[in-house]
Amino acid sequence: MLQVYNTLSRKKEPFKPLHEGEVRMYVCGPTVYDSAHLGHARSIVAFDVIRRYLEYKGYDMRFIQNFTDIDDKMINRAQEQNTTTTKLAAKYIQEYFEDFDKLHVKRATAYPKATEHIQEMIAHINKLITKGFAYEANGSVYFRVSRFKQYGRLSRRDQGEEMPFEQEDQDAGVIEEKEHPEDFALWKVMKPGEPSWDSPWGKGRPGWHIECSVMSTKYLGDPIDVHGGGLDLVFPHHENEIAQSEALSGQPFVRYWMHNGFLTVNREKMSKSLGNFFTIQEITAKYDPEIVRLFLVSSHYRSPIDFSDAQLEEAKARLARIHNSIDLIQRRLREARVEEAKNPRKPSEADTKMWEALSTFEHEFESAMDDDFNTPEALASLNKFLTTLNTMVVGNQSVTAGTLEKTFISLDAVGEVLGLYRERMASGAADDRTVDGLVKMLIRIRDQARKQKDFKTADQVRNQLKDLGIILEDEKTGTVWKWG
RNA sequence: GCCGAGGUGGCGGAGUGGCCACGCGACAGCCUGCAGAGCUGUUCUAUAUGGGUUCAAAUCCCAUCCUCGGCUCCA
């Protein structure tokens, strides 16, 4: 039974979606004013794995992720670059997809943008005003926090709590026109030169929080099963979403609130304001995206991960181990098929052992993932299984092709959930036949040299092939080759 | 100030009462003409500190110290 940690209750809860067999999930996406950095990847990959595991469990996913394409940062950046917010958004949305395709993040069902839902937001705000949950002041509209009793429930804050510091980012005018300092903007009056939309309160633009309430409900209904995002969104963003949505609906907006932990650099949060961020493009130029992904899923999604080159080097070594095992099983499978075409075989004791290991692996993998998507433990189960697999497959070849095929299918399913190593599994099958034939011919020549103790020639063959990107490895049962 | 998360071996990182993570690194052995891969073992009497509960604690309780995060745009 899948257990999910719910930020609202601060507990793991059994997961039961509202609609049988279907999960509706919304994740807060980025504001598209700049390149995505590794901190974004942390969040996006975490929810990608969650999504993939829910699919593994057989649920149909309706998964929405928004792009915030209008806010202060968008406006400022567009002005700096002498462009429009629309162009700016288009540029970074395109880049976003390039980055996350590389990281093997599956596409969401849809990626709605704030600017495409202005009318719905206005309608929502209007209803809030009618019901007394919001008020207009000088062309802006604010949510009246004091009217919403449960405010602060998600972030565990008391209403009216005093802040020990000044809220300097807001104009004196804004502070003055609000009934209470904690009231937040639903609609912001237009300032000169800013993009704006017509509304019953004059020209302006939506506040940040309202888009998620409106788009979530539009695409997924109310309530939804899962709403996710980074830990830093708990307050004020998600708290405000709850207020805006539940004030109208009178029922819980979200059934499971899920938040991922931060990615840190030298144990400090990676963020633009600290200037300690690395973009996904920078990292993937240096490390294969699959290594980056393995690094990201190597700790639990709620834990902090500290980023460093040493960490990525470790992930690289760990990925190599996984790739080696996959190469191994692929080769053995090919061989076993050829052999068994000539001499059909029945499963032996070795096969029984493999089936047992396989069933243990599947069971351990699922219990790990059922426990609030515990990917490090899931990877541990994979590692354990790979050790058994390596021992069996390197040690003897008595396992039948059928067993190897079963193994392959299981590994593939797990790889699909984690978003790892599936390309490696696919690539082996597509080895070029001519190359394979040529390399095998050279292996036979080298074998003759080795038998005659002519190691000079043997090494020459191996070294020259290595220069061409082909690695020869001598195994008990003969020499095999792979792309280096 | 208020709220929250956490301190596990050389490193990363799981684990909510008894057994065991898992990996990376290092070293050794097996295999090998050599190399690689793989396997085995060692590093490993690891669980911030001090008390307490218990037959038994990384895990429960109390206290202390330390780190990080949120409270302001943030994944």
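Letters A, B, ... are given to chains in the order of the sequence lines, protein chains preceding strands, and every chain is numbered from 1.
Between the side chains of A/Y5 and A/H300, no donor N or O sits under 3.5 Å from an acceptor N or O. There is a side-chain donor-acceptor pair under 3.5 Å between A/Y56 and A/E366.
Distances shown here put a side-chain N or O of A/T387 below 4.0 Å from the OP1 or OP2 atom of B/C39. The shortest distance between the side-chain N/O atoms of A/T68 and the OP1/OP2 oxygens of B/A75 is not below 4.0 Å.
Here, B/G18 and B/U40 have their C1' atoms 28 Å apart, quoted to the whole Å. B/A58 and B/A21: their C1' atoms are spaced 13 Å apart (whole Å). Nucleotides B/C62 and B/G1 place their C1' atoms 25 Å apart, quoted to the nearest Å. Atom C1' of B/C24 sits at a distance of 38 Å from the matching atom of B/C71, rounded to the whole Å. When the P atom is compared between B/G4 and B/G13, the two are found 24 Å apart, to the nearest whole Å. As rounded to the nearest Å, B/U32 and B/G12 have P atoms that lie 38 Å from one another. For B/C20 and B/U45, the P atoms lie 11 Å apart once the distance is rounded to whole Å. Between B/A46 and B/A63, the two C1' atoms lie 24 Å apart (nearest whole Å).
Between atom CZ of residue A/F307 and atom CD of residue A/E268 there is a gap of 14.5 Å, rounded to the nearest 0.5 Å.
At a threshold of 4.0 angstrom between heavy atoms, the contacts of A/G228 with the nucleic acid are absent. Residue-level contact check: A/E475 touches the bases, meaning some heavy atom is under 4.0 Å from a base atom. Nucleic acid contact for A/L231: none, since no nucleic acid atom lies under 4.0 Å from a heavy atom of the residue. No engagement by A/I44 is indicated, since no non-hydrogen atom pair under 4.0 Å with the nucleic acid exists. Using a 4.0 Å heavy-atom distance criterion, A/K269 is classed as a base contact. Using a 4.0 Å heavy-atom cutoff across all strands shown, A/G229 reaches sugar-phosphate atoms only and no base atom.
Between A/L386 atom CG and B/C39 atom P there is a gap of 9 Å when expressed in whole angstrom units. In this structure, CD1 of A/I322 is placed 15 Å from C1' of B/A37, rounded to the nearest angstrom. Between the CZ atom of A/F184 and the C1' atom of B/U72 there is a distance of 16 Å, rounded to whole Å. In this structure, A/N324 places its CG atom 14 Å from P of B/G23, rounding to the nearest Å. Taking atom CD1 of residue A/I471 and atom P of nucleotide B/G36, one finds them 12 Å apart after rounding to whole Å. Between the NZ atom of A/K466 and the C1' atom of B/C34 there is a distance of 13 Å, rounded to whole Å. A/N390 has its CG atom 17 Å from the P atom of B/G36, to the nearest Å. Between A/R321 atom CZ and B/G25 atom P there is a gap of 11 Å when expressed in whole angstrom units.
By the neighbour-count criterion of 12 heavy atoms within 6.0 Å, atom CD of A/E349 is sparsely surrounded, having that number or fewer from other residues, nucleotides or ligands. A 6.0 Å sphere centred on NZ of A/K113 holds no more than 12 heavy atoms belonging to other residues, nucleotides or ligands.
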Can you give me the N/O atom pairs linking the protein to nucleotides 30-33 of chain B at distances under 3.5 Å, or say none if there are none?
residue : atom : partner : partner atom : Å
B/G33   : O6   : A/R446  : NH2          : 3.3
B/G33   : O6   : A/R450  : NE           : 3.4
B/G33   : N1   : A/D459  : OD1          : 3.2
B/G33   : N2   : A/D459  : OD2          : 2.9

Every protein N/O within reach of nucleotides 12-15 of chain B N/O, cut-off under 3.5 Å:
residue : atom : partner : partner atom : Å
B/G12   : O4'  : A/Q311  : NE2          : 3.4
B/G12   : O2'  : A/Q311  : OE1          : 2.9
B/A14   : OP1  : A/H300  : N            : 3.0
B/A14   : OP1  : A/S303  : OG           : 3.1
B/A14   : O3'  : A/N374  : ND2          : 3.1
B/A14   : O2'  : A/E377  : OE1          : 2.8
B/G15   : OP1  : A/N374  : ND2          : 3.0

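Scanning all heavy atoms of the two residues, the minimum distance from A/V461 to A/L442 falls at CG1-O, 4.1 Å.
Cation-pi check for A/R107 over A/F97 is met; the charged atom lies under 6.0 angstrom from the ring centroid and within 45 degrees of its normal.
Residues A/M258 and A/H227 form no side-chain contact, since every pair of their non-hydrogen atoms from C-beta on lies 4.5 Å or further apart. No side-chain heavy atom of A/R302 sits under 4.5 Å from any side-chain heavy atom of A/N260.
Each of A/A380 and A/V480 was assigned the nucleotide of RNA chain B with the nearest heavy atom; the assignment lying further toward the 5' end belongs to A/A380. When each of A/T388 and A/S381 is assigned the nucleotide of RNA chain B bearing its nearest heavy atom, the one mapping closer to the 5' terminus is A/S381.
Electrostatic pairing of A/R205 and A/D71 does not count as a salt bridge here, judged by no charged N lying under 4.0 Å from a carboxylate O. Remark: A/D454 does not engage A/R446 in a salt bridge, criterion side-chain N to carboxylate O under 4.0 Å. Between A/K316 and A/E290 there is no salt bridge, since no side-chain nitrogen of the basic residue lies less than 4.0 Å from a carboxylate oxygen of the acidic one. A salt bridge does not link A/D447 to A/R444: none of the charged nitrogens lies less than 4.0 Å from a carboxylate oxygen. Using a 4.0 Å cut-off between a side-chain N of Lys or Arg and a carboxylate O of Asp or Glu, A/D34 and A/R77 qualify as a salt bridge.
Across B/G36, B/G69, B/C22, the shortest atom-to-atom separation from the side chain of A/E473 is found for B/G36.
For RNA chain B, if you chain together Watson-Crick or G-U pairs that step i with j, i+1 with j-1 and so on, the runs of at least three with distances under 3.5 Å are B:1-7 with B:65-71, B:10-12 with B:22-24, B:25-30 with B:38-43, B:48-52 with B:60-64.
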